[in-house]
Amino acid sequence: MQRSYREEIQYTVLRAVLFDFDGLILDTETPEVEILKAVFADHGQEFPDEYWIQALGRGADQLLDPPMVVLQRLCGREIDCQALEVERRRQTEAIIELEPVRPGIKDLLLEMRERGILAGVASSSKHAWVDTHLKRLGLFDQFDKIVCAGDVPRAKPFPDLYARLVEVLEVNLDECFALEDSPNGIKGAKAAGLKVVAIETPLSRKLDLSEADAKLPTLAGVDLDHLWNLVQGG
């Protein structure tokens with residue numbers, strides 16, 4: 001006798017949770033936008049909202065223009081883009097070095113480890129960035145697989161990163177789900193065939209995250225069963 005959809009749900013076993021990195025695990029995005037706003041303001045310009053909105057969650061290979069090129073265009077004159085970018089990165093990275101793990105991440109990873117649930121990262125950033133920060137935060141060994149820009153042909157919003165992560169974790173699409181914080185990340189996960197829970201951040205709560213299957217204001221106090229029930233429609 002064929003089981004109904006609701007009856008099928010209870011037989012689906014959760015085997016893995018797939019994490020975004022920037023914004024979700026570590027808030028690298030707010031410092032980046034705030035420093036860019038300051039640099040643009042120093043040159044009498046306003047950092048365009050549409051730029052950071054389209055950039056959030058994307059890989060560098062998916063950006064239309066580097067931010068300093070945008071600034072130069074707005075200024076209407078030549079500026080030292082290279083020097084400004086070096087200083088912008090220095091200031092941004094100094095702030096990010098002091099950023100803690102986002103709320104709820106450590107507790108969720110601990111629960112997953114105790115229950116034997118696999119953990120993976122799919123990031124549009126490169127390994128040098130992601131791995132270094134995960135090690136600094138004491139989280140690197142908590143993840144079974146990490147897939148970053150450079151490991152696949154295209155970063156988010158394309159599905160390549162998530163498709164590769166599912167492959168290397170050796171799980172089925174209905175045995176895992178993704179945690180994301182940006183529209184571009186959500187698009188990439190959904191395009192790979194995954195269910196997605198969107199977790200709001202100071203930046204992304206201003207954006208449209210409606211393509212996710214569920215949305216939460218924070219991971220603090222949220223356990224694995226609650227997340228699994230959300231994506232299963234429970």
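One-based numbering along the sequence shown. What you see is a predicted model; the values in this text were computed from it and never measured.
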Checking salt bridge (charged side-chain N to carboxylate O under 4.0 Å, His left out) for the pair R136/E97: CA distance, chi angles, key distance, verdict? CA-CA 9 Å; R136 174 179 71 81; E97 283 290 329; 3.6 Å; yes
Are any of the side-chain heavy atoms of T30 and T201 separated by less than 4.5 Å? no
Using the rule that Ile, Leu, Val, Met, Phe, Trp and Tyr join whenever any side-chain heavy atoms are under 4.5 Å apart, tell me whether L18 and L14 fall into a single cluster. no
Which atom of L207 lies closest to which atom of L203, heavy atoms considered: CG-O, 4.0 Å
Hey, what do you get for CE (M68) to CD (Q82), rounding to the nearest 0.5 Å? 12.5 Å
Pairing of D49 and K206 as salt bridge, 4.0 angstrom limit: no
From I25 atom CD1 to K106 atom NZ, the distance as rounded to the nearest 0.5 Å: 12.0 Å
In Å, rounded to the nearest 0.5 Å, how long is the span from NZ of K145 to CZ of R164? 8.5 Å
Would you say V147 and V121 make side-chain contact, with heavy atoms under 4.5 Å? no
What distance separates T132 OG1 from K126 NZ, expressed to the nearest 0.5 Å? 13.5 Å
Minimum heavy-atom separation for T218 to P103, with atom names? OG1-CB, 4.0 Å
Mind listing the closest non-hydrogen atom pair of V13 and W228 along with its distance? C-CZ2, 4.1 Å
Could you state whether L84 and L74 fall into the same hydrophobic cluster, counting links through intermediate Ile, Leu, Val, Met, Phe, Trp or Tyr residues with side-chain heavy atoms under 4.5 angstrom apart? yes
Do the side-chain N and O atoms of N184 and S182 include a donor-acceptor pair separated by under 3.5 angstrom? no
Is a side-chain N or O of S204 found less than 3.5 angstrom from the main chain of D181, in a donor-acceptor match? yes
Set out, in order, the CA-CA distance, both residues' side-chain angles and the distance that settles side chain to side chain contact (heavy atoms under 4.5 Å, CB included) for V101 and L139, then state yes or no. CA-CA 9 Å; V101 181; L139 297 179; 3.9 Å; yes
Tell me whether K135 forms a cation-pi arrangement with F140, defined as NZ or CZ under 6.0 Å from the six-membered ring centre and within 45 degrees of its axis. yes
S125 pairs by side-chain contact (heavy atoms from CB on, under 4.5 Å) with which of T28, D22, D131? D22
Using the side chain to side chain contact (heavy atoms under 4.5 Å, CB included) rule, take L227 and L216 through it: C-alpha gap first, then chi angles, then the decisive distance, then the call. CA-CA 9 Å; L227 291 169; L216 293 172; 3.7 Å; yes
Just wondering, are more than 12 heavy atoms of other shown residues or ligands nearer than 6.0 Å to NZ in K187? no
Are any non-hydrogen side-chain atoms of I96 and H133 less than 4.5 angstrom apart? yes
Backbone of I186 reached by a side-chain donor or acceptor of E211 within 3.5 Å: no
Is there a side chain to side chain contact (heavy atoms under 4.5 Å, CB included) between F40 and V70 once you walk through the steps? CA-CA 10 Å; F40 274 59; V70 176; 4.2 Å; yes
Is L36 close to W52 at the side-chain level, that is, under 4.5 Å between some pair of heavy atoms? no
Side chain Y162, main chain G193, donor-acceptor under 3.5 Å: no
For the side chain of N172 and the backbone of D174, is there at least one donor-acceptor N/O pair under 3.5 Å apart? no
Steps toward side chain to side chain contact (heavy atoms under 4.5 Å, CB included) verdict (E29, V33): CA-CA 6 Å; E29 297 165 344; V33 171; 5.5 Å; no
Ignoring hydrogens, what is the shortest heavy-atom contact between E93 and W129? Give both atom names and the distance. CG-CZ3, 3.9 Å
Rounded to the nearest 0.5 Å, how far apart are CG of L71 and CD1 of I79? 4.0 Å
Applying a strict under-4.5 Å side-chain criterion to I, L, V, M, F, W and Y, I'd like to know whether L165 and I105 cluster together. no
The reported gap from CG in L108 to CG in L179 (rounded to nearest 0.5 angstrom) is 6.5 Å
Taking H226's backbone N and O only, do any of them form a donor-acceptor pair with N229's side chain (distance below 3.5 Å, no angle check)? no
Under 3.5 Å, side chain of R15 to main-chain N/O of L169, donor-acceptor pair present? no
Side chains of L209 and E180: closer than 4.5 Å at any heavy-atom pair? no
Applying the 4.5 Å side-chain criterion to the ILVMFWY set and letting contacts propagate, would I146 and F21 be lumped into a single cluster? yes
Would the number of heavy atoms belonging to other residues, nucleotides or ligands and lying under 6.0 Å from CZ of R89 be above 12? no
More than 12 non-hydrogen atoms from neighbouring residues, nucleotides or ligands closer than 6.0 Å to CD on E87, yes or no? yes
Give a yes or no answer on whether the side chain of E200 reaches the backbone of K215 with a donor-acceptor pair at less than 3.5 Å. no
Flag the pair F177 / V17 as yes when at least one side-chain heavy-atom distance between them is below 4.5 Å, and no otherwise. yes
Carboxylate-amine/guanidinium contact D225 R115, below 4.0 Å: yes
Taking the side chain as C-beta and beyond, is there a heavy-atom pair between P31 and E99 under 4.5 Å? yes
Kindly say whether K156 contributes a backbone atom to a donor-acceptor pair with the side chain of S124 at under 3.5 angstrom? yes
Contact summary for A16 and V171, nearest pair of heavy atoms: CB-CG1, 4.2 Å
Side chain of D213, backbone of V196: donor and acceptor closer than 3.5 Å? yes
Where is the tightest heavy-atom contact between R205 and P217, given as atom of each residue plus distance? NH2-O, 4.4 Å
Test of understanding: clusters of I, L, V, M, F, W, Y form through side-chain heavy atoms closer than 4.5 Å, transitively. Do V130 and F19 belong to the same one? yes
Side-chain contact test, heavy atoms from C-beta onward, threshold under 4.5 Å: evaluate it for V39 versus Q91 and give yes or no. no
Looking at R154 and P159, would you say the former's side chain and the latter's main chain have a donor-acceptor pair under 3.5 Å? no
